[in-house]
Amino acid sequence: MLRFLTAGESHGPCLTVIIEGLPSGCTVSVEAIDQQLARRQLGYGRGGRMKIEKDRAGIRSGVRWGETLGSPVTLVIENLDWKNWTKKMSADPADRDPSLAVTRPRPGHADLAGSLKYDHEDVRNVLERASARETTARVAAGGLVRQLLEHFGVAVMGYCSEIGGVTADHSGMTPEKIFAAAEDSQVRMADADAEKRVIELIDDCRKDGDTLGGIVEVCVTGLPVGLGSYVHWDRKTDSRLAAALMSIQATKGVEFGAGFHASRVRGSQVHDEIVLTDDGIGRASNNYGGVEGGMTSGEPLLLRVAFKPISTLMKPLRSVDLATGKESSAAVERSDVVAIPAAAVIAENVVAFELARLFLEKFGGDSLREIERNYQGYLKQVKDSLP
Ligand code: EPS
């Protein structure tokens with residue numbers, strides 16, 4: 001089984017991810033992982049941290065001469081900001097300084113529930129791990145395993161469709177076109193007018209000490225029919241993807257294809273009719289976003305993820321000081337106005353990881369050669385299924 005584990009605090013020395021279950025013989029490009037990490041750092045509206053960091057993955061195990069060995073792969077991303085936090089985030093008891101404690105939890109963050117649950121007097125003990133900095137490790141994991149997906153012709157594309165209520169007009173564009181144009185946009189949108197309005201909105205919000213959320217879209221092409229299964233709840237492609245996406249910091253909702261809209265129209269208007277095509281069996285539409293009965297349908301996977309606004313407000317909301325027991329304003333520390341352009345890259349790589357898991361569950365083997373055999377054999381079986 002393909003799985004991963006991340007470790008690391010936002011202002012600790014590094015982030016680490018161990019990926020286990022990759023077959024042997026997969027070509028690994030560390031540059032391709034770094035490219036994903038660099039994309040995650042972009043976007044108008046980020047705070048000062050992204051000027052400090054230059055995220056790069058160091059391979060510590062599981063790869064030799066550019067190929068996976070079949071053993072666990074360890075990736076390490078150093079926090080360049082660590083040098084400014086060596087005492088504040090030290091593991092040494094001699095460095096303990098209770099005067100540094102953060103005691104006014106921010107609404108929207110893990111601060112309050114985390115402090116109560118783990119019995120921490122210093123909210124920093126919670127926020128350091130709850131921080132979306134952790135997504136760096138997940139993007140590195142996605143950046144590694146998507147290389148396997150790419151080998152089998154799968155492309156994963158993420159972009160922003162809405163920021164702070166401003167919607168990008170991507171109508172009439174293919175996902176490939178949107179993706180290519182959004183890569184050059186400061187807000188990862190393929191609509192210059194919407195980009196301008198979003199940038200103005202971000203500037204206004206920054207002045208007001210406020211933050212914004214938004215919606216990202218992920219499109220995946222090249223997936224074979226039949227990843228995941230209908231036979232059990234935790235084997236369904238959409239439930240697995242939704243769970244993975246909901247685990248991204250600040251996620252509030254996930255929908256596939258027509259999503260909630262499908263609940264408001266008649267069946268005849270939304271079910272994707274089955275038709276004969278030059279390649280065999282196909283669909284007249286893709287309203288279910290490439291998932292049917294918990295399995296990939298062979299059509300492009302299309303999903304949307306909604307993120308709430310960032311929790312740290314420079315003009316803070318009301319809170320209670322856990323040290324004094326009195327009402328107070330929430331703690332303020334450096335943060336972003338918006339991180340939706342980064343969230344698109346994170347969602348993309350989280351989707352890539354989960355799809356790679358589903359792919360290996362279907363075609364799994366210990367080596368790439370074994371998987372290729374299984375994959376080609378299955379494609380032939382599907383192709384030969386019509387009389
Ligand atoms: C982030 C790093 C953090 C924040 C952000 C995401 O850096 P710092 O806290 O040092 O400014 O910019 O985290 C949050 C918004 C949050 O609420 O924790 C990153 O690398 O993406």
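Read the numbers this way: they start at 1 and go in the same order the structure lists the ligands and their atoms. Here the structure is a predicted model, which is why all the values come from computation and not from measurement. Side-chain atoms are counted along with the backbone in the values below, which use heavy atoms only and exclude waters and symmetry mates.
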Exercise. With respect to Asn349, which candidate in Arg138, Arg146, Arg39, Arg40 satisfies the side-chain hydrogen bond (donor to acceptor under 3.5 Å, both in side chains) definition?
Worked result: Arg146
Seminar exercise, completed: Near Met50 (heavy-atom distance under 4.0 Å), the atoms of ligand 1 are 19 (C), 20 (O)
Exercise. Would you say Gln249 contacts ligand 1, with heavy atoms under 4.0 Å as the rule?
Worked result: no
Seminar exercise, completed: Among non-hydrogen protein atoms, atom 16 (C) of ligand 1 lies closest to His109 NE2, 3.5 Å
Problem set entry | Numbering as shown, the atoms of ligand 1 that approach His11 to under 4.0 Å (heavy-atom distance) | 8 (P), 9 (O), 10 (O)
Exercise. Which part of Glu53 is near ligand 1, with near meaning a heavy atom under 4.0 Å away: side chain, backbone, both or neither?
Worked result: neither
For this session: Mark the output for Gly47 as yes if a heavy-atom distance to ligand 1 is under 4.0 Å, and as no if none is.
Result: no
Problem set entry | Ser335-ligand 1 polar pair, N/O distance under 3.5 Å | no
Problem set entry | atom 13 (O) of ligand 1: nearest protein contact (heavy atom, Å) | Ser131 OG, 3.5 Å
For this session: Before signing off on this row, confirm whether Ser10 and ligand 1 have an N or O atom pair separated by under 3.5 Å.
Result: no
Exercise. Atom OG in Ser71, atom CG in Leu22: separation rounded to 0.5 Å?
Worked result: 10.0 Å
Exercise. If you measure from atom 12 (O) of ligand 1 to every heavy atom of Ile77, Asp336, Ile310, Thr136, which option wins on shortest distance?
Worked result: Asp336
Exercise. Would you call Arg124 and Lys88 a side-chain contact if the rule is heavy atoms closer than 4.5 Å?
Worked result: no
Exercise. Does the distance from a Lys or Arg side-chain N to an Asp or Glu carboxylate O, for Arg188 and Glu183, drop under 4.0 Å?
Worked result: yes
Exercise. Which one of Phe353, Phe152, Tyr378 satisfies the ring pair (Phe, Tyr, Trp, His ring centres under 6.0 Å) criterion with Phe359?
Worked result: Phe152
Exercise. So which heavy atom in the protein is nearest atom 11 (O) of ligand 1, and how far is it from that ligand atom?
Worked result: Arg334 NE, 2.9 Å
Exercise. Quick one: are Leu227 and Arg240 in side-chain contact, heavy atoms under 4.5 Å?
Worked result: no
Exercise. CD of Glu348 to CG of Leu245: how many Å apart, nearest 0.5 Å?
Worked result: 11.5 Å
For this session: Find all atoms of ligand 1 within a distance of less than 4.0 Å from any non-hydrogen atom belonging to Arg46, and give their numbers and elements.
Result: 1 (C), 6 (C), 19 (C), 21 (O)
Exercise. What residue and heavy atom of the protein are closest to atom 20 (O) of ligand 1, and at what distance?
Worked result: Arg40 NH2, 2.7 Å
Exercise. Is Glu9 paired with Arg133 through a side-chain N to carboxylate O contact shorter than 4.0 Å?
Worked result: no
Exercise. Quick check: does Arg133 get an N/O under 3.5 Å from an N/O on ligand 1?
Worked result: yes
Exercise. So, is Glu333 polar-close to ligand 1, with some N/O to N/O distance under 3.5 Å?
Worked result: no
Seminar exercise, completed: Between Leu148 and the options Val154, Leu355, Leu360, the side-chain contact (heavy atoms from CB on, under 4.5 Å) test singles out Leu360
Problem set entry | Donor-acceptor contact below 3.5 Å, side chain Arg283 vs main chain Glu299 | no
